[in-house]
Amino acid sequence: MANVTKQASTRFSIVKRSKGQSAVEKASYISRSILVSEYDGQTYRPKYHEDLVHSEISLPQNAPKEYADRATLWNAVELSEKGQKSQLARMLKASLPNEWSYELAEEVVRDYVQRNFVDKGMCADWAIHDSENDKGQRNLHIHVLLTMRPLTENGEWGAKTKKVYVLDENGERIPLIDKKTGQQKVDKRNRKQWKCQTVESTDWNSRENAMMWRRDLADTINATNEQLGIAVHWEHRSFKEQGIDKEPTIHIGAVANALERKGIQTERGNINREIIRGNVLLEQAKEMLELAKQEVRSIQYSGLKEVAVNVKNEVMEMIAKVAKRKGRLDLPIVSGKYLRKISDRTALQSADNAEKFIVSRKIDSFENLAKFTADREQKYRQLETVHLSKGQKLSRLKELSKMYALYAPIQATYKESQSLKGLAKMKYDKEHKESLAKYPELKERMQNLLQQGEKITPKQWKAEMQSLQAEYDSISKEQSKTATELAYAEVISYNRKNLARELQNESRQQGEQQYKTKHRAKEL
(Lines give C-alpha, C1' and ligand atoms only; values in the text may rest on other atoms or scores of the structure.)
Protein backbone atom coordinates (compact mmCIF):
# COMPACT_ATOMS: atom_id res chain seq x y z
CA MET A 1 0.00 0.00 0.00
CA ALA A 2 1.23 3.47 -0.87
CA ASN A 3 1.71 5.68 2.18
CA VAL A 4 2.57 8.94 0.39
CA THR A 5 0.44 10.82 -2.15
CA LYS A 6 2.06 13.04 -4.77
CA GLN A 7 0.19 15.55 -6.91
CA ALA A 8 0.89 14.76 -10.57
CA SER A 9 2.08 17.73 -12.61
CA THR A 10 0.49 17.35 -16.06
CA ARG A 11 -0.04 20.31 -18.37
CA PHE A 12 -1.55 20.39 -21.86
CA SER A 13 -1.24 23.43 -24.13
CA ILE A 14 -1.75 24.37 -27.78
CA VAL A 15 1.04 25.74 -30.00
CA LYS A 16 -0.62 28.73 -31.70
CA ARG A 17 0.68 30.76 -34.63
CA SER A 18 -1.41 33.72 -33.39
CA LYS A 19 0.90 33.89 -30.37
CA GLY A 20 4.01 33.86 -32.55
CA GLN A 21 4.71 30.21 -31.71
CA SER A 22 6.26 27.63 -34.01
CA ALA A 23 5.93 23.84 -34.02
CA VAL A 24 9.50 23.61 -35.37
CA GLU A 25 10.76 25.75 -32.48
CA LYS A 26 8.94 23.54 -29.92
CA ALA A 27 10.39 20.41 -31.54
CA SER A 28 13.85 21.97 -31.36
CA TYR A 29 13.34 22.79 -27.70
CA ILE A 30 12.20 19.36 -26.53
CA SER A 31 14.74 17.41 -28.65
CA ARG A 32 17.60 19.85 -27.88
CA SER A 33 18.47 19.89 -31.59
CA ILE A 34 19.04 22.61 -34.18
CA LEU A 35 16.12 22.86 -36.62
CA VAL A 36 15.37 25.20 -39.54
CA SER A 37 11.79 26.31 -40.21
CA GLU A 38 10.77 26.42 -43.86
CA TYR A 39 7.74 28.54 -42.93
CA ASP A 40 9.51 31.53 -41.38
CA GLY A 41 13.12 30.82 -42.41
CA GLN A 42 14.36 30.91 -38.82
CA THR A 43 17.00 28.61 -37.39
CA TYR A 44 16.12 27.46 -33.89
CA ARG A 45 19.01 26.65 -31.57
CA PRO A 46 18.17 25.32 -28.09
CA LYS A 47 20.08 26.99 -25.26
CA TYR A 48 20.55 23.77 -23.32
CA HIS A 49 21.26 20.16 -24.15
CA GLU A 50 22.77 18.71 -20.97
CA ASP A 51 19.37 17.67 -19.56
CA LEU A 52 18.26 15.51 -22.52
CA VAL A 53 17.80 11.87 -21.50
CA HIS A 54 16.07 10.58 -24.64
CA SER A 55 14.14 11.82 -27.69
CA GLU A 56 12.08 9.85 -30.17
CA ILE A 57 9.38 10.13 -32.84
CA SER A 58 6.49 7.64 -32.80
CA LEU A 59 4.31 7.43 -35.93
CA PRO A 60 0.98 5.79 -36.79
CA GLN A 61 0.99 3.15 -39.54
CA ASN A 62 -0.38 5.46 -42.25
CA ALA A 63 2.23 8.19 -41.67
CA PRO A 64 4.87 8.73 -44.38
CA LYS A 65 8.19 7.13 -43.42
CA GLU A 66 10.01 10.43 -43.93
CA TYR A 67 8.12 11.88 -40.95
CA ALA A 68 10.51 9.88 -38.76
CA ASP A 69 12.81 12.83 -39.43
CA ARG A 70 11.93 15.61 -36.98
CA ALA A 71 12.59 18.51 -39.37
CA THR A 72 10.52 16.91 -42.14
CA LEU A 73 7.58 16.18 -39.83
CA TRP A 74 7.19 19.60 -38.25
CA ASN A 75 7.93 21.56 -41.40
CA ALA A 76 5.18 19.52 -43.08
CA VAL A 77 2.87 20.49 -40.22
CA GLU A 78 3.80 24.19 -40.47
CA LEU A 79 3.36 24.29 -44.26
CA SER A 80 -0.02 22.53 -44.09
CA GLU A 81 -1.39 25.39 -41.97
CA LYS A 82 -2.15 28.51 -44.01
CA GLY A 83 -3.91 30.78 -41.49
CA GLN A 84 -2.31 33.33 -39.18
CA LYS A 85 -4.41 31.95 -36.31
CA SER A 86 -3.67 28.29 -36.98
CA GLN A 87 -3.29 25.81 -34.15
CA LEU A 88 -0.11 23.91 -34.99
CA ALA A 89 0.36 21.23 -32.35
CA ARG A 90 -0.64 20.04 -28.91
CA MET A 91 1.98 19.89 -26.15
CA LEU A 92 2.10 17.82 -23.00
CA LYS A 93 4.54 18.34 -20.16
CA ALA A 94 4.38 15.98 -17.21
CA SER A 95 6.53 14.94 -14.28
CA LEU A 96 7.82 11.40 -13.77
CA PRO A 97 9.03 9.74 -10.56
CA ASN A 98 12.64 10.69 -9.84
CA GLU A 99 13.04 7.17 -8.43
CA TRP A 100 12.85 5.70 -11.93
CA SER A 101 15.92 4.87 -13.98
CA TYR A 102 16.21 6.46 -17.41
CA GLU A 103 15.81 3.06 -19.07
CA LEU A 104 12.55 2.41 -17.23
CA ALA A 105 11.23 5.92 -17.96
CA GLU A 106 11.94 5.43 -21.67
CA GLU A 107 10.10 2.10 -21.75
CA VAL A 108 7.05 3.38 -19.84
CA VAL A 109 6.73 6.65 -21.78
CA ARG A 110 7.02 4.88 -25.14
CA ASP A 111 4.12 2.60 -24.17
CA TYR A 112 2.04 5.52 -22.81
CA VAL A 113 2.55 7.62 -25.96
CA GLN A 114 1.75 4.69 -28.24
CA ARG A 115 -1.49 3.74 -26.45
CA ASN A 116 -2.90 7.20 -25.92
CA PHE A 117 -1.81 9.13 -28.99
CA VAL A 118 -0.15 7.16 -31.81
CA ASP A 119 -2.77 4.38 -31.84
CA LYS A 120 -5.38 7.13 -32.26
CA GLY A 121 -3.62 8.45 -35.39
CA MET A 122 -1.38 11.23 -34.02
CA CYS A 123 2.31 11.68 -34.80
CA ALA A 124 4.18 12.08 -31.51
CA ASP A 125 7.57 13.70 -30.94
CA TRP A 126 8.54 13.04 -27.34
CA ALA A 127 11.52 13.57 -25.09
CA ILE A 128 12.59 12.87 -21.52
CA HIS A 129 14.51 15.56 -19.62
CA ASP A 130 16.15 15.44 -16.19
CA SER A 131 16.65 18.99 -14.97
CA GLU A 132 17.98 20.25 -11.65
CA ASN A 133 16.99 23.34 -9.67
CA ASP A 134 19.31 25.58 -7.68
CA LYS A 135 18.71 23.46 -4.57
CA GLY A 136 19.97 20.31 -6.28
CA GLN A 137 16.50 18.76 -6.56
CA ARG A 138 16.05 16.68 -9.69
CA ASN A 139 12.98 16.84 -11.92
CA LEU A 140 12.55 13.92 -14.31
CA HIS A 141 9.83 14.88 -16.81
CA ILE A 142 8.50 14.35 -20.31
CA HIS A 143 7.58 16.62 -23.20
CA VAL A 144 5.24 15.31 -25.92
CA LEU A 145 4.53 17.28 -29.10
CA LEU A 146 1.48 15.99 -31.00
CA THR A 147 0.03 16.66 -34.44
CA MET A 148 -3.54 18.00 -34.60
CA ARG A 149 -4.58 17.09 -38.14
CA PRO A 150 -5.57 13.48 -38.87
CA LEU A 151 -3.68 11.61 -41.58
CA THR A 152 -5.60 10.07 -44.46
CA GLU A 153 -5.02 6.47 -45.54
CA ASN A 154 -2.51 7.63 -48.16
CA GLY A 155 -0.57 9.65 -45.57
CA GLU A 156 -1.79 13.15 -46.45
CA TRP A 157 -2.95 15.71 -43.91
CA GLY A 158 -6.72 15.63 -43.47
CA ALA A 159 -9.09 18.38 -42.38
CA LYS A 160 -9.44 19.29 -38.70
CA THR A 161 -13.17 19.86 -39.13
CA LYS A 162 -15.94 18.67 -41.43
CA LYS A 163 -19.49 19.72 -42.24
CA VAL A 164 -22.35 17.35 -41.47
CA TYR A 165 -26.09 17.65 -42.14
CA VAL A 166 -28.35 18.61 -39.22
CA LEU A 167 -31.05 15.93 -38.87
CA ASP A 168 -34.55 16.13 -37.41
CA GLU A 169 -36.08 13.69 -34.93
CA ASN A 170 -36.80 11.30 -37.80
CA GLY A 171 -33.21 11.33 -39.00
CA GLU A 172 -34.07 13.42 -42.06
CA ARG A 173 -32.07 16.39 -43.34
CA ILE A 174 -33.48 19.80 -42.43
CA PRO A 175 -33.97 22.20 -45.38
CA LEU A 176 -32.18 25.56 -45.31
CA ILE A 177 -35.00 28.13 -45.72
CA ASP A 178 -34.67 31.48 -47.46
CA LYS A 179 -36.20 34.10 -45.11
CA LYS A 180 -37.42 36.27 -47.97
CA THR A 181 -39.18 33.63 -50.02
CA GLY A 182 -39.94 31.09 -47.33
CA GLN A 183 -38.72 28.42 -49.74
CA GLN A 184 -35.78 26.05 -49.50
CA LYS A 185 -32.54 27.69 -50.63
CA VAL A 186 -30.81 26.47 -53.77
CA ASP A 187 -27.25 27.15 -54.91
CA LYS A 188 -26.11 28.50 -58.29
CA ARG A 189 -26.26 25.03 -59.78
CA ASN A 190 -29.92 24.75 -58.69
CA ARG A 191 -29.17 22.19 -55.99
CA LYS A 192 -31.21 22.15 -52.80
CA GLN A 193 -29.41 23.29 -49.66
CA TRP A 194 -29.66 21.75 -46.21
CA LYS A 195 -28.78 22.85 -42.69
CA CYS A 196 -25.19 21.93 -41.80
CA GLN A 197 -22.93 22.24 -38.80
CA THR A 198 -19.18 22.12 -38.43
CA VAL A 199 -17.80 19.35 -36.21
CA GLU A 200 -14.32 18.16 -35.30
CA SER A 201 -12.91 15.42 -37.54
CA THR A 202 -11.53 13.71 -34.43
CA ASP A 203 -12.28 13.79 -30.69
CA TRP A 204 -8.70 14.79 -29.86
CA ASN A 205 -9.73 18.25 -28.63
CA SER A 206 -12.34 17.06 -26.13
CA ARG A 207 -11.82 17.86 -22.44
CA GLU A 208 -12.79 14.30 -21.63
CA ASN A 209 -9.76 13.11 -23.60
CA ALA A 210 -7.41 15.43 -21.69
CA MET A 211 -8.77 14.08 -18.40
CA MET A 212 -8.42 10.52 -19.67
CA TRP A 213 -4.80 11.13 -20.74
CA ARG A 214 -3.95 12.63 -17.34
CA ARG A 215 -5.63 9.77 -15.51
CA ASP A 216 -3.93 7.12 -17.66
CA LEU A 217 -0.50 8.62 -17.02
CA ALA A 218 -1.11 8.62 -13.26
CA ASP A 219 -2.45 5.04 -13.40
CA THR A 220 0.58 3.95 -15.45
CA ILE A 221 2.97 5.58 -12.97
CA ASN A 222 1.16 4.02 -10.00
CA ALA A 223 1.15 0.54 -11.57
CA THR A 224 4.89 0.82 -12.28
CA ASN A 225 5.62 2.14 -8.78
CA GLU A 226 3.69 -0.77 -7.28
CA GLN A 227 5.80 -3.27 -9.23
CA LEU A 228 8.97 -1.53 -8.03
CA GLY A 229 7.81 -1.33 -4.41
CA ILE A 230 7.82 2.51 -4.43
CA ALA A 231 5.31 3.60 -1.79
CA VAL A 232 4.16 6.76 -3.55
CA HIS A 233 0.70 7.21 -5.08
CA TRP A 234 0.38 9.76 -7.89
CA GLU A 235 -2.92 11.65 -8.01
CA HIS A 236 -4.02 13.15 -11.35
CA ARG A 237 -6.99 15.07 -9.92
CA SER A 238 -6.59 18.68 -8.80
CA PHE A 239 -6.93 19.57 -5.11
CA LYS A 240 -10.39 20.98 -5.87
CA GLU A 241 -11.47 17.77 -7.63
CA GLN A 242 -10.29 15.78 -4.61
CA GLY A 243 -12.06 18.10 -2.16
CA ILE A 244 -8.73 19.08 -0.54
CA ASP A 245 -8.51 22.55 0.94
CA LYS A 246 -5.04 23.24 -0.38
CA GLU A 247 -4.13 25.72 -3.08
CA PRO A 248 -1.83 24.64 -5.94
CA THR A 249 0.82 27.01 -7.27
CA ILE A 250 0.24 28.66 -10.65
CA HIS A 251 2.27 28.21 -13.84
CA ILE A 252 4.88 30.97 -13.72
CA GLY A 253 5.92 31.04 -17.40
CA ALA A 254 9.34 31.21 -19.08
CA VAL A 255 9.77 35.02 -18.92
CA ALA A 256 8.83 35.35 -15.25
CA ASN A 257 10.90 32.30 -14.42
CA ALA A 258 14.00 33.84 -16.05
CA LEU A 259 13.50 37.07 -14.06
CA GLU A 260 13.02 35.14 -10.80
CA ARG A 261 16.28 33.23 -11.38
CA LYS A 262 18.04 36.61 -11.62
CA GLY A 263 16.58 37.64 -8.27
CA ILE A 264 13.89 39.92 -9.74
CA GLN A 265 10.52 39.34 -8.12
CA THR A 266 7.49 39.10 -10.43
CA GLU A 267 3.75 39.26 -9.80
CA ARG A 268 3.25 35.59 -10.60
CA GLY A 269 6.26 34.69 -8.49
CA ASN A 270 4.79 36.63 -5.56
CA ILE A 271 1.49 34.78 -5.96
CA ASN A 272 3.32 31.46 -5.75
CA ARG A 273 5.26 32.61 -2.70
CA GLU A 274 1.99 33.39 -0.91
CA ILE A 275 0.58 30.00 -1.90
CA ILE A 276 3.71 28.24 -0.67
CA ARG A 277 3.58 30.10 2.65
CA GLY A 278 -0.04 29.02 3.04
CA ASN A 279 0.86 25.37 2.50
CA VAL A 280 4.08 25.30 4.52
CA LEU A 281 2.51 23.91 7.71
CA LEU A 282 1.45 20.79 5.83
CA GLU A 283 5.04 20.11 4.82
CA GLN A 284 6.72 20.59 8.22
CA ALA A 285 6.30 16.97 9.24
CA LYS A 286 7.97 15.77 6.02
CA GLU A 287 10.87 18.18 6.52
CA MET A 288 11.42 17.02 10.11
CA LEU A 289 11.44 13.40 8.97
CA GLU A 290 13.98 14.16 6.23
CA LEU A 291 16.23 16.02 8.70
CA ALA A 292 16.13 13.01 11.00
CA LYS A 293 17.12 10.71 8.13
CA GLN A 294 20.00 13.01 7.18
CA GLU A 295 21.25 13.04 10.76
CA VAL A 296 21.24 9.24 10.89
CA ARG A 297 23.11 9.05 7.56
CA SER A 298 25.62 11.62 8.84
CA ILE A 299 26.32 9.57 11.97
CA GLN A 300 26.70 6.37 9.95
CA TYR A 301 29.13 8.00 7.55
CA SER A 302 31.25 9.88 10.09
CA GLY A 303 33.59 6.95 10.70
CA LEU A 304 34.30 6.37 7.02
CA LYS A 305 34.65 10.12 6.43
CA GLU A 306 37.54 10.26 8.92
CA VAL A 307 39.29 7.54 6.94
CA ALA A 308 38.66 9.47 3.71
CA VAL A 309 40.38 12.56 5.06
CA ASN A 310 43.48 10.55 5.85
CA VAL A 311 43.77 9.04 2.36
CA LYS A 312 43.46 12.19 0.26
CA ASN A 313 44.47 11.67 -3.34
CA GLU A 314 43.96 13.39 -6.71
CA VAL A 315 40.49 11.89 -7.11
CA MET A 316 39.41 12.97 -3.62
CA GLU A 317 40.86 16.44 -4.18
CA MET A 318 38.91 16.83 -7.42
CA ILE A 319 35.67 15.77 -5.70
CA ALA A 320 36.32 18.26 -2.89
CA LYS A 321 36.94 21.10 -5.39
CA VAL A 322 33.71 20.43 -7.26
CA ALA A 323 31.77 20.14 -4.00
CA LYS A 324 33.19 23.44 -2.78
CA ARG A 325 32.23 25.19 -6.02
CA LYS A 326 28.76 23.68 -6.51
CA GLY A 327 27.82 21.78 -3.36
CA ARG A 328 27.32 18.61 -5.40
CA LEU A 329 28.61 16.74 -8.43
CA ASP A 330 27.21 17.19 -11.96
CA LEU A 331 25.60 14.29 -13.83
CA PRO A 332 26.71 13.19 -17.34
CA ILE A 333 23.08 12.75 -18.46
CA VAL A 334 23.80 12.56 -22.19
CA SER A 335 26.96 10.45 -22.03
CA GLY A 336 26.12 8.34 -18.98
CA LYS A 337 25.82 4.77 -20.27
CA TYR A 338 25.44 3.20 -16.84
CA LEU A 339 23.81 6.25 -15.28
CA ARG A 340 20.72 5.35 -17.37
CA LYS A 341 20.30 2.18 -15.32
CA ILE A 342 20.35 3.92 -11.92
CA SER A 343 17.23 5.19 -10.18
CA ASP A 344 18.77 7.13 -7.26
CA ARG A 345 20.65 9.73 -9.29
CA THR A 346 20.64 12.26 -6.45
CA ALA A 347 22.82 9.88 -4.42
CA LEU A 348 25.36 9.86 -7.27
CA GLN A 349 25.68 13.64 -6.96
CA SER A 350 26.62 13.49 -3.29
CA ALA A 351 30.29 14.32 -2.71
CA ASP A 352 30.20 12.25 0.49
CA ASN A 353 28.94 9.22 -1.42
CA ALA A 354 31.58 9.71 -4.11
CA GLU A 355 34.33 9.88 -1.49
CA LYS A 356 32.91 6.78 0.21
CA PHE A 357 33.02 4.98 -3.14
CA ILE A 358 36.66 5.97 -3.74
CA VAL A 359 37.78 4.95 -0.24
CA SER A 360 35.91 1.63 -0.15
CA ARG A 361 37.30 0.63 -3.58
CA LYS A 362 40.83 1.77 -2.60
CA ILE A 363 41.16 4.05 -5.63
CA ASP A 364 44.00 6.54 -5.18
CA SER A 365 44.41 8.00 -8.69
CA PHE A 366 42.54 8.58 -11.93
CA GLU A 367 44.74 5.91 -13.51
CA ASN A 368 43.45 3.41 -10.96
CA LEU A 369 39.90 4.67 -11.55
CA ALA A 370 40.32 3.92 -15.27
CA LYS A 371 41.62 0.41 -14.48
CA PHE A 372 38.74 -0.14 -12.04
CA THR A 373 36.26 0.97 -14.70
CA ALA A 374 37.73 -1.35 -17.34
CA ASP A 375 37.62 -4.27 -14.90
CA ARG A 376 34.01 -3.60 -13.90
CA GLU A 377 32.91 -3.14 -17.51
CA GLN A 378 34.34 -6.56 -18.38
CA LYS A 379 32.55 -8.03 -15.37
CA TYR A 380 29.28 -6.34 -16.37
CA ARG A 381 29.48 -7.72 -19.91
CA GLN A 382 30.06 -11.23 -18.54
CA LEU A 383 27.11 -10.86 -16.16
CA GLU A 384 24.98 -9.52 -18.99
CA THR A 385 25.73 -12.55 -21.17
CA VAL A 386 24.91 -15.03 -18.40
CA HIS A 387 21.86 -13.01 -17.35
CA LEU A 388 20.50 -13.05 -20.91
CA SER A 389 21.09 -16.78 -21.25
CA LYS A 390 19.37 -17.57 -17.94
CA GLY A 391 16.52 -15.21 -18.84
CA GLN A 392 15.93 -16.89 -22.20
CA LYS A 393 15.85 -20.35 -20.58
CA LEU A 394 13.53 -19.10 -17.87
CA SER A 395 11.19 -17.48 -20.39
CA ARG A 396 11.04 -20.69 -22.42
CA LEU A 397 10.20 -22.80 -19.37
CA LYS A 398 7.52 -20.32 -18.32
CA GLU A 399 6.05 -20.45 -21.81
CA LEU A 400 6.10 -24.26 -21.74
CA SER A 401 4.41 -24.35 -18.33
CA LYS A 402 1.78 -21.83 -19.40
CA MET A 403 1.08 -23.79 -22.57
CA TYR A 404 0.90 -27.07 -20.64
CA ALA A 405 -1.62 -25.56 -18.22
CA LEU A 406 -3.90 -24.97 -21.24
CA TYR A 407 -3.08 -28.26 -22.93
CA ALA A 408 -3.27 -30.70 -19.98
CA PRO A 409 -7.04 -30.54 -19.26
CA ILE A 410 -7.85 -30.73 -22.99
CA GLN A 411 -5.48 -33.70 -23.37
CA ALA A 412 -7.19 -35.43 -20.43
CA THR A 413 -10.57 -34.88 -22.09
CA TYR A 414 -9.24 -36.29 -25.37
CA LYS A 415 -7.78 -39.39 -23.66
CA GLU A 416 -11.06 -40.01 -21.86
CA SER A 417 -12.90 -39.75 -25.18
CA GLN A 418 -10.50 -42.24 -26.76
CA SER A 419 -11.07 -44.72 -23.93
CA LEU A 420 -14.85 -44.83 -24.53
CA LYS A 421 -16.87 -46.61 -27.20
CA GLY A 422 -20.32 -46.60 -28.70
CA LEU A 423 -23.10 -44.51 -27.15
CA ALA A 424 -20.98 -43.58 -24.13
CA LYS A 425 -18.37 -42.04 -26.43
CA MET A 426 -21.03 -40.21 -28.47
CA LYS A 427 -22.59 -38.78 -25.32
CA TYR A 428 -19.19 -37.77 -23.86
CA ASP A 429 -18.00 -36.20 -27.12
CA LYS A 430 -21.21 -34.19 -27.40
CA GLU A 431 -20.84 -32.86 -23.85
CA HIS A 432 -17.16 -31.92 -24.46
CA LYS A 433 -17.46 -30.81 -28.06
CA GLU A 434 -15.72 -27.43 -27.57
CA SER A 435 -12.78 -28.89 -25.62
CA LEU A 436 -12.24 -31.71 -28.11
CA ALA A 437 -12.31 -29.21 -31.00
CA LYS A 438 -9.41 -27.34 -29.39
CA TYR A 439 -7.24 -30.44 -28.94
CA PRO A 440 -5.51 -30.60 -32.40
CA GLU A 441 -4.48 -26.93 -32.27
CA LEU A 442 -3.23 -27.07 -28.66
CA LYS A 443 -1.35 -30.31 -29.32
CA GLU A 444 0.43 -28.73 -32.30
CA ARG A 445 1.32 -25.60 -30.30
CA MET A 446 2.65 -27.75 -27.45
CA GLN A 447 4.79 -29.85 -29.80
CA ASN A 448 6.16 -26.75 -31.52
CA LEU A 449 7.46 -25.46 -28.17
CA LEU A 450 9.21 -28.73 -27.33
CA GLN A 451 12.75 -29.22 -28.57
CA GLN A 452 13.67 -32.31 -30.57
CA GLY A 453 13.33 -35.41 -28.40
CA GLU A 454 12.13 -33.38 -25.39
CA LYS A 455 9.36 -34.87 -23.27
CA ILE A 456 6.60 -33.15 -21.33
CA THR A 457 7.87 -32.99 -17.74
CA PRO A 458 5.94 -30.27 -15.82
CA LYS A 459 7.39 -31.21 -12.40
CA GLN A 460 10.92 -31.04 -13.76
CA TRP A 461 10.12 -27.72 -15.44
CA LYS A 462 8.87 -26.29 -12.14
CA ALA A 463 11.97 -27.36 -10.23
CA GLU A 464 14.25 -26.04 -12.99
CA MET A 465 12.35 -22.73 -13.07
CA GLN A 466 12.79 -22.26 -9.31
CA SER A 467 16.51 -22.91 -9.60
CA LEU A 468 16.90 -20.65 -12.63
CA GLN A 469 14.85 -17.86 -11.01
CA ALA A 470 17.12 -17.88 -7.96
CA GLU A 471 20.22 -17.71 -10.20
CA TYR A 472 18.60 -15.03 -12.37
CA ASP A 473 17.73 -12.85 -9.37
CA SER A 474 21.22 -13.28 -7.91
CA ILE A 475 22.83 -12.20 -11.19
CA SER A 476 20.41 -9.26 -11.40
CA LYS A 477 21.54 -8.03 -7.99
CA GLU A 478 25.20 -8.40 -8.96
CA GLN A 479 24.51 -6.59 -12.24
CA SER A 480 22.79 -3.77 -10.37
CA LYS A 481 25.71 -3.44 -7.95
CA THR A 482 28.25 -3.39 -10.80
CA ALA A 483 26.19 -0.86 -12.77
CA THR A 484 26.09 1.40 -9.71
CA GLU A 485 29.88 1.20 -9.37
CA LEU A 486 30.29 2.07 -13.04
CA ALA A 487 27.81 4.94 -12.71
CA TYR A 488 29.88 6.41 -9.87
CA ALA A 489 33.00 6.06 -12.02
CA GLU A 490 31.20 7.81 -14.89
CA VAL A 491 30.10 10.69 -12.67
CA ILE A 492 33.56 11.18 -11.15
CA SER A 493 35.32 11.02 -14.54
CA TYR A 494 32.80 13.44 -16.04
CA ASN A 495 33.28 15.93 -13.22
CA ARG A 496 37.06 15.79 -13.68
CA LYS A 497 36.69 16.80 -17.35
CA ASN A 498 33.99 19.34 -16.54
CA LEU A 499 36.07 20.96 -13.79
CA ALA A 500 39.10 21.21 -16.10
CA ARG A 501 36.94 22.84 -18.78
CA GLU A 502 35.44 25.34 -16.34
CA LEU A 503 38.81 26.25 -14.87
CA GLN A 504 40.25 26.70 -18.35
CA ASN A 505 37.35 29.00 -19.30
CA GLU A 506 37.76 31.02 -16.12
CA SER A 507 41.51 31.34 -16.72
CA ARG A 508 40.91 32.51 -20.28
CA GLN A 509 38.32 35.06 -19.11
CA GLN A 510 40.71 36.37 -16.43
CA GLY A 511 43.47 36.68 -19.04
CA GLU A 512 41.16 38.60 -21.37
CA GLN A 513 40.08 40.87 -18.52
CA GLN A 514 43.71 41.53 -17.51
CA TYR A 515 44.58 42.30 -21.14
CA LYS A 516 41.69 44.76 -21.43
CA THR A 517 42.65 46.45 -18.15
CA LYS A 518 46.30 46.71 -19.20
CA HIS A 519 45.32 48.03 -22.65
CA ARG A 520 43.08 50.72 -21.15
CA ALA A 521 45.87 51.76 -18.78
CA LYS A 522 48.24 52.28 -21.73
CA GLU A 523 45.66 54.39 -23.55
CA LEU A 524 45.34 56.64 -20.51
- Task: Mind running side-chain contact (heavy atoms from CB on, under 4.5 Å) on Glu78 and Glu38 for me, showing each step along the way?
- Result: CA-CA 8 Å; Glu78 289 273 7; Glu38 296 175 19; over 6 Å; no
- Item | Check against side-chain hydrogen bond (donor to acceptor under 3.5 Å, both in side chains), Gln42 and Glu25 | CA-CA 9 Å; Gln42 290 195 47; Glu25 186 275 329; over 6 Å; no
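Both tests pass for Arg32 against the ring of Tyr29: distance under 6.0 Å to the centre and angle within 45° of the axis.
Ser95 meets the side chain to side chain donor-acceptor pair (under 3.5 Å) test with no other residue; sequence neighbours excluded. Every residue two or more places apart in sequence or in another chain was checked for a ring pair (Phe, Tyr, Trp, His ring centres under 6.0 Å) with Tyr39, and none qualifies.
Between the side chains of Ser350 and Asp352, no donor N or O sits under 3.5 Å from an acceptor N or O. With 3.5 Å as the limit, one finds a donor-acceptor pair spanning the side chains of Arg345 and Tyr102.
By the 6.0 Å contact criterion, NZ on Lys379 is enclosed, its count of non-hydrogen atoms from other residues, nucleotides or ligands being greater than 12. Annotation for Lys120: atom NZ counts as buried by contact number, over 12 foreign heavy atoms lying within 6.0 Å.
Here the closest heavy-atom approach between residue Val36 and residue Asn75 is recorded as O-ND2, 3.1 Å.
Between Tyr67 and Trp157, the ring-plane angle classifies as parallel under the 30° and 60° cut-offs. Using bins of under 30°, 30° to 60° and over 60° for the plane-to-plane angle, the ring pair His141/His129 lands in the perpendicular bin. Relative ring orientation between Phe357 and Tyr488 is described as parallel, the plane-to-plane angle staying below 30° on a 0-90° scale split at 30° and 60°.
In this structure, the ring of Tyr112 has its center no less than 6.0 angstrom from the ring center of Trp213.
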